[in-house]
Amino acid sequence: MLFHKKRETDTTEDKAGSRNDADSKAGVNSKDDDIIREVEEQTSAEADSSEVIGDAASDAGSGSAATQGKGNELIRLNNIKKAYYIGTENELEVLHGVTLNVNEGEFTCIVGESGSGKSTLMNTIGLLDRPTSGEYFIRGIDVAKISDDDLSHIRNRQIGFVFQTYNLIARTSSLDNVAMPMLYAGVPLKERRARAAELLELVGMKERMNHDPSELSGGQKQRVAIARALANDPAIILADEPTGALDSQTSQTVMDIFHKLHEERGCTILMITHSNKLAEECDRILTLVDGRITGERAGTEAHEYAAAKTATDDGKTATESILEKD
Amino acid sequence: MILENIRLALHNLAANKMRTFLTMLGVIIGIAAVIAILTLGTSTTKQMEKQQAQNGANNISVYVYNGSGSDEVYWFTEDQMTKLIDKFGDQIEAIGISNYANGGKAYTDPAKMDTEYSNCYKMGVNNGYFSTGNVKMVAGKTFSNDALVNGSNVAVISSLMAKRLFNGDNDSAIGKQVIVPNGDDVTNYTVIGVYNYVISSYDLKSGTKEEDISTDLLVPFLNVANAATDEYSQNVTSFTIQAKAGADVISMSSDIKDYVTFLFKDKESPSIGVYSDKEMIEENKKELQKQTTTTSLIGAIALLVGGIGVMNIMTVTITERTREIGTRKALGAPNSAIRMQFIIEAIVMTSLGGVIGLIVGIIAGGIACKLQSLPLYVPFSSAALAVGVSLAIGIFFGYYPANKAAKMDPIDALRYE
């Protein structure tokens, strides 16, 4: 992989051990640095086992990359509360104590009505917003207390955002859009572009890597955005209504890319949606009602990606058959 | 990271060429104005220094006149001059005396005086004048003692007159006669020497043709003084001292002023002037410096306005790009990276403006120098100034909008419509 400062192959026990070390440290100032370093080390350890992206698809058959590290707790929210206008008459509590966890390799979905606090929850998980109270751990590290710059750092390396409105940078090619998070990770220009091209190929957008967002359709934009989310090989992909602005067929194509990333590359994905159909395709469905998680169950539908994969017997890869539909 | 930001800034500025250019225009005009003024000022100073070197800045002019209002004419007596030379002799290279008389069209053949002529001013001088006036002989020699004592009708003519009257053969002119008007009458002078005359752009300025340029016809001082009818022209009321090389001209001139004042202590309110070229040049330089500073201030105001324009556009830009800022933050850009991005965008804009302004300023200064017949001299410091000032403007006026962008809340920025 391209971004490893340190190549280490931690075992699961080692990870647990180092987490405890971090927790036991008393000095707050030095703790921040330790947290960052530790998170990075763990990522590199994990990423080491999954090879370069280009090879990931071909390795998928063996299943070794996809199943590696599966089951470890990646994020945990304990009794997270979020209130606005604190101390005024209009004080408004949006999240009333959310507790949830996401394990590595899981494709989890949060469904909820509008106004249920989905976006607030997503912003909190994405470290764009700080909770009013409660605990939030990413790989066992309490991120509630660290500085803004350290939050930026974690967002950059550990979280891949996919927005409903794509949020690609205007007048900037797909390639440069995908390369952008790597700019803030300090990756040299040449490597950035090479990796961005690989990622665009992964989502079937290689032919359009020099196009501006204004020259792309909604589905294409979202595919570029997904490639961008993968840029720094994050621990988790946070997708906030990624298909909310797309028609149902394009939605399914985008959804299939998520399935592909999940199954072939072992990506951990947390998605917010109000489409019950798409939600049923996920491993886990969490229901958010009025700022509280009220239910959890497994998805019931076999998704089309799996169907396409088994149905493909004319020599095309699953990716190709998916992408031909858009 | 800085290189990345410059690349990004150029990309963003190129996306909005018209706006970028109009914003840069303020900086371009400001820088160009300052550079043009500096170029012109430096070229003028250089020209003065060159003239100073040519004329020998070691000259001190001395004059006296009666400031009391009475009719008595004050002049330097032989006794006074001797005393002065006795006192300052070891510091003096030469003393030049000159006295203009009337002149007109000089000619050699009365039959052809309307076509073969040369305009002149008759000037009575001593041999010291050849030093103080920086007059270089090209043929013949200067005045003999006899000629000076008797005020003989002999003349040293300019090479231009030799060209007009003797076909440019300086040597053949020696010993020939020139006829010079003297009021209604004429006087014949025997040419004993020719001095070098260089036609300057000043001579030709007002459309004067080469044949109509007037040059000095140098004759013995007494030749003019003896013929004069007024006391001013009959006597020495002013002279020029050329100090020896290496002398401290400024302190010497003040000593001379003290001594001349002492020499005239018995006269009623004499007005004594003692000026060195050096002093005058220094004064001119100071005056020029003052003018340059004043005009540069006006240029600086243009720069200030240009800078405010940059700040305005940067504020507009970050508002337009709020969602981009939000996205960048969500994807992990720290505040410092956002701040740096927009400061560099402002700096790139002002620096480009600075470089264009520098070029425009040098061209404008060059044209101004050409119009004033000055040799163009571009000070290196002006290039450094242009780049430095435009960088500073970029940082100063770019910081506030950039900081505003850096401090945006990522959630609000992402939601911005």
Side-chain angles (χ1 to χ4, degrees), chain A residues 36 82 84 119-120 122-130 147-173 176-190 192-193 212-214 225 228-232 234 238 240, chain B residues 1-20 313-314 316-345 348-349 402-417:
Chain A
I36 302 295
K82 177 69 187 176
Y84 294 102
S119 292
T120 305
M122 210 60 167
N123 287 337
T124 307
I125 297 172
L127 300 175
L128 293 171
D129 210 351
R130 290 174 189 268
S147 73
D148 279 355
D149 276 355
D150 288 341
L151 286 181
S152 294
H153 192 90
I154 294 179
R155 280 202 298 270
N156 186 234
R157 313 294 171 97
Q158 306 294 334
I159 296 171
F161 280 100
V162 179
F163 304 97
Q164 179 180 1
T165 48
Y166 327 121
N167 285 341
L168 298 178
I169 310 283
R171 296 186 298 270
T172 303
S173 67
D176 284 341
N177 261 293
V178 175
M180 201 193 71
M182 291 185 265
L183 167 72
Y184 298 115
V187 180
L189 179 67
K190 241 179 148 177
R192 267 192 340 244
R193 292 201 157 152
D212 282 2
S214 59
R228 182 177 64 184
L230 294 169
N232 285 335
L238 286 186
D240 187 358
Chain B
M1 198 67 183
I2 286 182
L3 268 178
E4 299 291 352
N5 277 316
I6 292 173
R7 205 171 59 84
L8 202 63
L10 288 172
H11 179 85
N12 282 318
L13 293 173
N16 231 326
K17 288 191 188 70
M18 187 67 178
R19 180 203 277 185
T20 304
I313 284 301
M314 288 310 295
V316 171
T317 298
I318 65 151
T319 308
E320 279 177 355
R321 285 156 66 188
T322 300
R323 282 186 65 134
E324 174 188 327
I325 293 161
T327 307
R328 287 180 184 277
K329 288 192 154 194
L331 297 181
N335 292 357
S336 58
I338 300 288
R339 189 181 299 117
M340 188 61 93
Q341 179 189 343
F342 286 99
I343 287 181
I344 287 189
E345 195 164 316
V348 166
M349 190 151 58
N403 200 41
K404 206 173 135 188
K407 283 185 177 163
M408 279 182 186
D409 179 61
I411 298 170
D412 291 343
L414 276 170
R415 281 198 203 123
Y416 185 84
E417 289 296 335

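Order of the sequence lines sets the chain letters (A, B, ...), proteins ahead of strands, with each chain counted from 1.
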- Query: Of the backbone (N, CA, C, O) and the side chain (C-beta and beyond), which part of Q341(B) lies under 4.5 Å from a heavy atom of chain A, both, or neither?
  - Reply: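 The side chain, not the backbone.
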- Heavy-atom proximity to chain A below 4.5 Å, by part of R328(B):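 Contact with chain A is through both the backbone and side chain of R328(B).
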- Item | Residues R323(B) and T165(A): side-chain donor-acceptor under 3.5 angstrom |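 T165(A) and R323(B) do have a side-chain donor-acceptor pair below 3.5 Å.
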- Message: Can you confirm whether the side chains of R339(B) and N403(B) place a donor and an acceptor under 3.5 Å from each other?
- Response: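 Judged by distance alone, the side chains do pair up.
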- Message: Measuring from atom CG of L238(A) to atom CD1 of I125(A), what distance do you get when rounded to the nearest 0.5 angstrom?
- Response: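 Going from CG on L238(A) over to CD1 on I125(A), the span is 6.5 Å.
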- Message: Counting heavy-atom pairs under 4.5 Å with chain A, which one of A330(B), P334(B), S336(B) comes out on top?
- Response: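 When all of A330(B), P334(B), S336(B) are compared, A330(B) has the most.
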- Does the side chain of R19(B) reach to within under 4.5 Å of the side chain of T317(B), using non-hydrogen atoms?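 With C-beta onward as the side chain, the pair touches.
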- Query: Tell me, side chain or backbone of L128(A) under 4.5 Å from chain B's heavy atoms, or both, or neither?
  - Reply: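 Both parts, backbone and side chain.
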- Considering only heavy atoms, which portion of N123(A) lies under 4.5 Å from any heavy atom of chain B: side chain, backbone, both, or neither?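 Looking at N123(A), just its side chain touches chain B.
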- Query: Can a salt bridge be assigned to the pair R171(A) and E324(B) using a cut-off of 4.0 Å between side-chain N and carboxylate O?
  - Reply: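 The answer is no: the pair does not qualify as a salt bridge.
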- Can you name the nearest heavy-atom pair linking S152(A) to A333(B), along with the distance?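 Reported closest heavy-atom pair: OG-O, 3.7 Å.
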- Task: Tell me, out of N156(A), D176(A), I159(A), who's got the most heavy-atom pairs with chain B below 4.5 Å.
- Result: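 Ranked by contacts with chain B, first place is N156(A).
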- For chain B, which of T172(A), L183(A), D149(A) has the most heavy-atom pairs under 4.5 Å?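 Most heavy-atom pairs within the cutoff with chain B belong to L183(A).
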